[in-house]
Amino acid sequence: MSNIGFIGLGIMGKPMALNLIKGGHRLFLHSRSGVPQELTAAGGNACANAKEVAQNGDIVIIMVPDTPDVEKVLFGANSVIEGLAASPAGKAVAGKIVVDMSSISPIETKEYAKRINELGVDYLDAPVSGGEIGAKNAALTIMVGGPQAAFDKAKAVFELMGKNITLVGGNGDGQTCKVANQIIVALNIEAVGEALLFASKAGADPAKVRQALMGGFAASRILEVHGERMIKRTFDPGFRIELHQKDLGLALSGARALGVSLPNTSTAQQLFNACGANGGSKWDHSAMVKALEKLANHEIAK
């Protein structure tokens, strides 16, 4: 049993932390919205701030929305870096690992890792894919950047949260992999939305079209899960549009820096922007289809 700190207990973080508790670990928890009663009832320990979490955790996991949130948790007031310090001189507790499982900037991740490494503490960036369902079922895909030795130490913890766990490379590479993932997901949502909208406008039953396509080369998790959401109009968030907008923003800013053109990623971002302009920032990202429906003046039939 390990002492694990977990900061960020929202849609994704809460079930991830619960799976770690079920796996037999002692958890020290903090969230800006408060620690859910379900986690303390399961045996988790609520902490006042990130500093207290880092003082108690041998592995400190962060699962918050965006790059500035991670920076604040790591380096702000009552932060992780303060909790890592064993003395006013700034020595860190040997053997601890900081694991950022948020989806943030690969460039900033490299800088954060350097600052944590200066204390003698390892840093892993380990963003995830799989959404709320994957988090609840401990079936997340986990893309890791960082040193092999730290990955090996943390792998048993990752295995309680995910199934497909890959050390992609050094610090920042896990986040780069997640950005690539989000490009693929966004473009697949767009493709599924266009296909079902086309079928519905043509007079076919979109539910039966989806059923037929699930047995062919077009089959995908996006068609399975988000195609069903589009047809049933269930857009309560598993993953909010505003978070996918953030991820595609990272992709497009990175593409500019690299001199790479991502035309379809730009289109997907514009469709998300249209949803946001219509009050949909907190809709599930499958609701991108609503922007396509407005362009077609047609809603996919239930």
Side-chain angles (χ1 to χ4, degrees), residues 6-18 30-39 62-73 100-105 127-137 140 175 178-179 181-194 196-197 221-253 265-296 299-300 302:
F6 207 112
I7 301 165
L9 303 167
I11 289 174
M12 296 292 290
K14 177 183 170 183
M16 292 165 68
L18 185 59
H30 177 70
S31 182
R32 62 187 177 187
S33 58
V35 176
Q37 190 273 337
E38 182 181 355
L39 295 179
I62 302 167
M63 188 60 170
V64 295
D66 204 350
T67 306
D69 301 306
V70 174
E71 183 175 24
K72 183 177 180 180
V73 165
D100 178 28
M101 303 190 78
S102 319
S103 296
I104 69 166
S105 164
V128 304
S129 180
E132 183 181 11
I133 295 172
K136 287 181 175 179
N137 294 334
L140 294 168
Q175 296 293 353
K178 178 58 187 289
V179 171
N181 177 86
Q182 295 302 79
I183 292 171
I184 293 170
V185 170
L187 270 56
N188 272 273
I189 292 172
E190 182 183 11
V192 169
E194 288 189 9
L196 295 180
L197 180 61
R221 284 288 289 164
I222 299 297
L223 179 62
E224 178 187 356
V225 177
H226 290 341
E228 183 177 41
R229 282 178 173 268
M230 293 173 191
I231 294 164
K232 293 184 176 180
R233 319 307 290 174
T234 51
F235 296 125
D236 291 336
F239 187 76
R240 300 191 303 275
I241 279 176
E242 62 187 355
L243 294 179
H244 211 146
Q245 283 179 292
K246 176 260 297 182
D247 292 339
L248 293 192
L250 294 173
L252 294 169
S253 62
T265 302
S266 298
T267 299
Q269 184 73 309
Q270 291 301 321
L271 292 169
F272 281 141
N273 291 346
C275 290
N278 284 275
S281 294
K282 298 189 184 302
W283 295 339
D284 185 79
H285 57 169
S286 58
M288 179 200 281
V289 73
K290 288 191 174 186
L292 295 169
E293 289 171 340
K294 283 188 175 292
L295 292 172
E299 184 176 299
I300 293 174
K302 294 183 181 179

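- Contact detail for S103 and L250: the closest heavy-atom pair is O-CD1, 4.5 Å.
- Formation of a donor-acceptor pair under 3.5 Å by the N278 side chain with backbone atoms of G280 is not found in this model.
- The minimum heavy-atom distance linking G238 with D284 is given by the pair N-OD1, 2.9 Å.
- Between the side chain of Q182 and the backbone N or O of L248 there is no donor-acceptor pair closer than 3.5 Å.
- In this structure, S102 and D100 approach most closely via the heavy-atom pair OG-OD1, 2.7 Å.
- No donor-acceptor distance shorter than 3.5 angstrom exists from the side chain of K282 to the backbone of R240, with no hydrogens or angles considered.
- R221 and E224 are joined by a salt bridge, as a carboxylate oxygen and a charged side-chain nitrogen come within less than 4.0 angstrom of each other.
- One finds a salt bridge joining E132 and K136 here, because a Lys/Arg side-chain nitrogen approaches an Asp/Glu carboxylate oxygen to under 4.0 Å.
- At a threshold of 4.5 Å between non-hydrogen side-chain atoms, the residues M288 and H226 do not count as touching.
- In this structure, a donor-acceptor pair under 3.5 Å is present between the side chains of S129 and N181.
- With rounding to the nearest 0.5 angstrom, the CD1 atom of I241 is 10.0 Å from the CG atom of N273.
- F6 CZ to S31 OG: the interatomic distance, rounded to the nearest 0.5 Å, is 10.0 Å.
- Checking side-chain atoms of D66 against main-chain N and O of P68 turns up no donor-acceptor pair under 3.5 Å.
- Not one N or O on the side chain of K14 forms a donor-acceptor pair closer than 3.5 Å with the backbone of E38.
- A heavy-atom distance below 4.5 Å is found between the side chains of L295 and L271.
- Distance check: I222 CD1 to E190 CD gives 12.5 Å after rounding to the nearest 0.5 Å.
- We find the CG-CZ distance between L243 and F272 to be 10.5 Å, quoted to the nearest 0.5 Å.
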**Message:** Could you walk me through whether M101 and M16 satisfy the side-chain contact (heavy atoms from CB on, under 4.5 Å) test, starting with their C-alpha distance in whole Å, then the side-chain angles of each, then the deciding distance to 0.1 Å, before giving a yes or no?
**Reply:** CA-CA 10 Å; M101 303 190 78; M16 292 165 68; 3.7 Å; yes
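- Looking at every heavy atom in both residues, L140 comes nearest to A135 through CD2-N, 3.5 Å.
- Here the side chains of D247 and V179 are not in contact, with every heavy-atom distance at 4.5 Å or above.
- No donor-acceptor pair under 3.5 Å is formed between the side chain of R32 and the backbone N or O of G8.
- Here the CG-CG distance, from L196 to L223, works out to 6.5 Å after rounding to the nearest 0.5 Å.
- Taking 4.5 Å as the limit, some side-chain heavy atom of V185 sits within range of a side-chain heavy atom of H244.
- Remark: side-chain polar atoms of E293 are paired, donor with acceptor, to backbone N or O of I300 under 3.5 angstrom.
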**Asked** Yes or no on side-chain contact (heavy atoms from CB on, under 4.5 Å) for K290 and R233, after CA distance, side-chain angles and deciding distance?
**Response** CA-CA 10 Å; K290 288 191 174 186; R233 319 307 290 174; 4.2 Å; yes
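- Considering every non-hydrogen atom in both L292 and G193, the closest pair reads CD1-C, 3.9 Å.
- K246 places no side-chain N or O within 3.5 Å of a backbone atom of T67 that could act as its donor or acceptor partner.
- Rounding to the nearest 0.5 Å gives a distance of 13.0 Å between NZ of K232 and OG of S286.
- When all heavy atoms of A296 and L197 are compared, the closest pair comes out as CB-CD2, 3.7 Å.
- At a threshold of 4.5 Å between non-hydrogen side-chain atoms, the residues L18 and L39 count as touching.
- The residue from R229, E299, E194, M230 that alone fulfils the side-chain contact (heavy atoms from CB on, under 4.5 Å) condition with V289 is M230.
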